[in-house]
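Naming: A, B, ... by sequence-line order, numbering from 1 per chain.
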There are 2 protein chains.
Amino acid sequence: MGPYLRGGQDLKPTAAAATPQLLRRVNAQSVLGFIRNTDVATGTELMSRTGLTRASVIAVCEDLIRRGWIRELDTRDEEQAPGPRKGRPARRFELNTRAGFVLGIDIGAATTTAAVADLRGTVIGRASGSFRATDIPAEERIDVVDRACRRALAAAGTGPEKVLAVSAGIAAPVDRDGNVLASQHFWSLFDVGLRTALKELHGWTVLLENDANLAALGERWRGSGAGVDDLVVLLAGERLGAGVMESGRLLHGRGGAAGEMGYLDLVEGVGSSDGIASLARQWSAAGGGPASGGEASARRVFEDAAAGDPGALAILDRISERMARVIASVASFINPEQVVIGGAVAESAAALLPAITALLPRFTATPPRVTVSPLGDSIVTMGAVRRALDYVEANALELALPPG
Amino acid sequence: MGPYLRGGQDLKPTAAAATPQLLRRVNAQSVLGFIRNTDVATGTELMSRTGLTRASVIAVCEDLIRRGWIRELDTRDEEQAPGPRKGRPARRFELNTRAGFVLGIDIGAATTTAAVADLRGTVIGRASGSFRATDIPAEERIDVVDRACRRALAAAGTGPEKVLAVSAGIAAPVDRDGNVLASQHFWSLFDVGLRTALKELHGWTVLLENDANLAALGERWRGSGAGVDDLVVLLAGERLGAGVMESGRLLHGRGGAAGEMGYLDLVEGVGSSDGIASLARQWSAAGGGPASGGEASARRVFEDAAAGDPGALAILDRISERMARVIASVASFINPEQVVIGGAVAESAAALLPAITALLPRFTATPPRVTVSPLGDSIVTMGAVRRALDYVEANALELALPPG
DNA sequence: GCAATATATTTAGCTTGTATCTAAATTATC
DNA sequence: GATAATTTAGATACAAGCTAAATATATTGC
């Protein structure tokens, strides 16, 4: 900058200047974004989708090849082009799906699961681990998580150096910068420990998120909320949390406690959020989840109800109304298009959907569509994978791909 | 595009290609953005703030001068530069504050107010109008609004052709595209009528918003929530609505009904949202607002309470607890940094702040800061002005400024 | 083999940037 | 009052990236 600024006040630029290189970055992102969502792309397709001229498209593609993100298919060994192919054959480009991988981790109270996915989001490795107890020290918990990651990578046939981004979900408020509130003593300790451990061991930077928020990402990506921009996911199992997407963005609030549902203590006919959580636990233990033994009893309640047993019907009615009140209170404040029930209770909740849906208009003027998550146990890991991919996609041109 | 695309599928570009002109747009926005927030700017200042070189800064400034957004101060008639000014005098640029104006409109049940502001947001004209009754036809209501706009413009010493953007707030859900839900028969009729009328009469395009949402914008701009990114404004007067900002963005939800607070019907110890609204109405009529007569009684309640009268204290306690429950239920779901009480009840609410603040921790684990709006009656118009300015600032380089 | 067709490549030119050098205007100093 | 120091202005050279248009190439169909 020369001597010009010496005399001025010590001012930092508010934003970086837009130089011609920015154009390439923008256009490369747009080309790469299209290639990500297609099988193979020709130059002509890319021209029409991006609005660029052929010269620019080719320049961008050669850039992306040099950086390792895409690959050119040279010989026409695959003769699967559909239409009548006249004219000079087009150069064909495809995503280098295995140029790197992402890691999505679900860290629960009792177990943890890590999933490895390629750049298209296909999960190619998965591993779980159990915690000896819920009150083990943070280090032990971190070690179990690390081991699950290693095993998932091994199952995927790849290694830590190929990991481009890591996202982890925990059952605690996490703000939008990925920090756990200091008041959450255990989790904030765990947070710092996890970050430093994975950084030192593998060089990874962890994107931490609340588990219900990740569930919302996952559900919108590959669940029943596909493509819905205003979506709430109720993650009910060990505890009850909500992941809220508004206009396609996750809500965090000041300290990451958005969607924490503590206010349910105040809602009539619901009981405390602890009460809901314990209800969910019982329910899950009785048949919704893999917990011990009681599967028969939950099934029996449904069977008895189907047979017209008044007691069983009353139980289901009470549960339905509680759920309806919870959904209604969320829905009338956030006005989502859809509410998805996920977590351990999801399976059981499916049977109650008609009753819940029928009750909603009594409690809210803006009843959302209500569905049950089809993602099962993997709802949080799916969201974590999506979160990590989002990061990779947003920063593709800044990330250096691992060699090989 | 030539013959290239003829053979391809009929695909539209997903995004516009980034051409060199984009650079100028980005850099011009950045320069203009800085000039907007300063009194006069020199080339050197702009260089340091934008990171551009002098040549680019000058080119951009001359562009902006040609388009009418800024102006160069030629002679140094104003010797108000602070430091020791050595060296060759700098060219000085300033915002052409009166290159155009924005119009912010508050459309209430009984009255409407229009405010005219210059490009720095300084309100330079204001006018109100009353509706003959609350159930008058949409056309009549539109006519009253139009007349208020004309008078506000006249008071500002300008005309309709100088208006760059118009924002209006109504007490109904409005989605993020500015549309009123069709189920809101009256308002959706009014909406369409207002748009077409103002378009035909003056060529304006109206940005419609929910009034509480505008209140949130206003409060964050020039109220007690200045600069707070996670902010909830409770607009309590004729009715009760919440404007929610999360991460600096307004929440709308699918149909614009986010923040509608219908769920309060379900919250224990609050009563229905109608009940809250009527409470607010009584309260306001008794002294919070400009309504007839009863000011003495509200003042008397406060005076009696100050004197230790148990009946008066009980009334205030009940109101405080209701407010605390409302705020807590919002706060524990959204987790805002701050909640602002605005609208007609604001004045009275100020006296209850300590009680409300003290009660909050009983109802929520994440109690926000609670304040009372200092904006009074103009909270919605202020937000409408901000909304219109946001539009102008985002689209400055696409807007053609009126000549003169 | 030759026309038709679709794609690839090359070349020239435009816009917008940066970097660097020289000129101008003002204050401070002797 | 001339001269040096300082700060900004303006001009020139050049690089990145895009478009547009002309030319070259590979494949299919007759």
Might you list the N or O atoms of the protein lying below 3.5 Å from N or O atoms in nucleotides 12-17 of chain C, with each pair's distance?
{"from": "C:dG17", "atom 1": "OP1", "to": "B:Arg24", "atom 2": "NE", "distance (Å)": "3.3"}
{"from": "C:dG17", "atom 1": "OP1", "to": "B:Asn27", "atom 2": "ND2", "distance (Å)": "3.0"}
{"from": "C:dG17", "atom 1": "OP2", "to": "B:Arg24", "atom 2": "NE", "distance (Å)": "3.4"}
{"from": "C:dG17", "atom 1": "OP2", "to": "B:Arg24", "atom 2": "NH2", "distance (Å)": "2.8"}
{"from": "C:dG17", "atom 1": "O5'", "to": "B:Asn27", "atom 2": "ND2", "distance (Å)": "3.2"}

Please produce a list of atom pairs where a protein N or O lies less than 3.5 Å from an N or O of nucleotides 23-25 of chain C.
{"from": "C:dA24", "atom 1": "O4'", "to": "B:Arg88", "atom 2": "NH1", "distance (Å)": "3.2"}
{"from": "C:dA25", "atom 1": "N3", "to": "B:Arg88", "atom 2": "N", "distance (Å)": "3.2"}

Review point. How about B:Arg25: does its CZ atom have over 12 heavy atoms from other parts shown lying under 6.0 Å from it?
Key: no
Check your understanding: Please give, in whole Å, the distance from D:dC18 P to A:Leu46 CG?
Key -> 14 Å
Point to revise | Rounded interatomic separation in angstrom, taking CG from A:Leu73 and P from C:dT7 | key: 16 Å
Point to revise | Protein-nucleotide distance (B:Ile58, atom CD1; C:dT18, atom C1'), rounded to Å | key: 15 Å
Check your understanding: Between A:Arg92 and A:Glu72, is there a salt bridge with N-O shorter than 4.0 Å?
Key -> no
Check your understanding: Within this structure, what is the CZ-to-P distance between A:Arg91 and D:dT25, rounded to whole angstrom?
Key -> 15 Å
Review point. Please give, in whole Å, the distance from C:dA8 P to A:Glu62 CD?
Key: 11 Å
**Study point:** Distance below 4.0 Å between A:Arg54 side-chain N/O and D:dT19 OP1 or OP2
**Key:** no
Exercise for review: Start with the C-alpha gap between A:Thr158 and A:Arg98, add the side-chain angles, then the distance that decides, and say whether side-chain hydrogen bond (donor to acceptor under 3.5 Å, both in side chains) holds.
Suggested key: CA-CA 10 Å; A:Thr158 184; A:Arg98 301 175 63 94; over 6 Å; no
Check your understanding: Is the shortest distance from a Lys or Arg side-chain nitrogen in B:Asp229 or A:Arg254 to a carboxylate oxygen in the other one below 4.0 Å?
Key -> no
Check your understanding: So, A:Arg387 and A:Asp390, do they make that salt bridge, N to O below 4.0 Å?
Key -> no
Practice item. Before accepting this row, confirm whether a basic side-chain N of the pair A:Arg386/A:Glu209 lies closer than 4.0 Å to the acidic partner's carboxylate O. Key: no
Check your understanding: When you check the gap from the basic side-chain N to the acidic O, do A:Asp230 and B:Arg176 get nearer than 4.0 Å?
Key -> yes
Point to revise | Side-chain H-bond candidate by donor/acceptor type, B:Arg49 with B:Ser30, under 3.5 Å | key: no
Identify all pairs in which a protein N or O lies below 3.5 Å from an N or O of nucleotides 11-14 of chain D, and state each distance.
none

Exercise for review: Show the numbers, then the answer: is there a side-chain hydrogen bond (donor to acceptor under 3.5 Å, both in side chains) between A:Arg54 and A:Thr44?
Suggested key: CA-CA 7 Å; A:Arg54 170 160 257 115; A:Thr44 305; 2.7 Å; yes
Check your understanding: When the distance from NZ of A:Lys86 to P of C:dA6 is rounded to whole Å, what number comes out?
Key -> 6 Å
Exercise for review: Identify whether the distance between the nearest side-chain nitrogen and carboxylate oxygen of A:Asp63 and A:Arg24 falls below 4.0 Å.
Suggested key: yes
Review point. Taking NZ, NE, NH1 and NH2 as the nitrogens, is one of them in A:Arg91 or A:Glu62 under 4.0 Å from a carboxylate oxygen of the other?
Key: yes
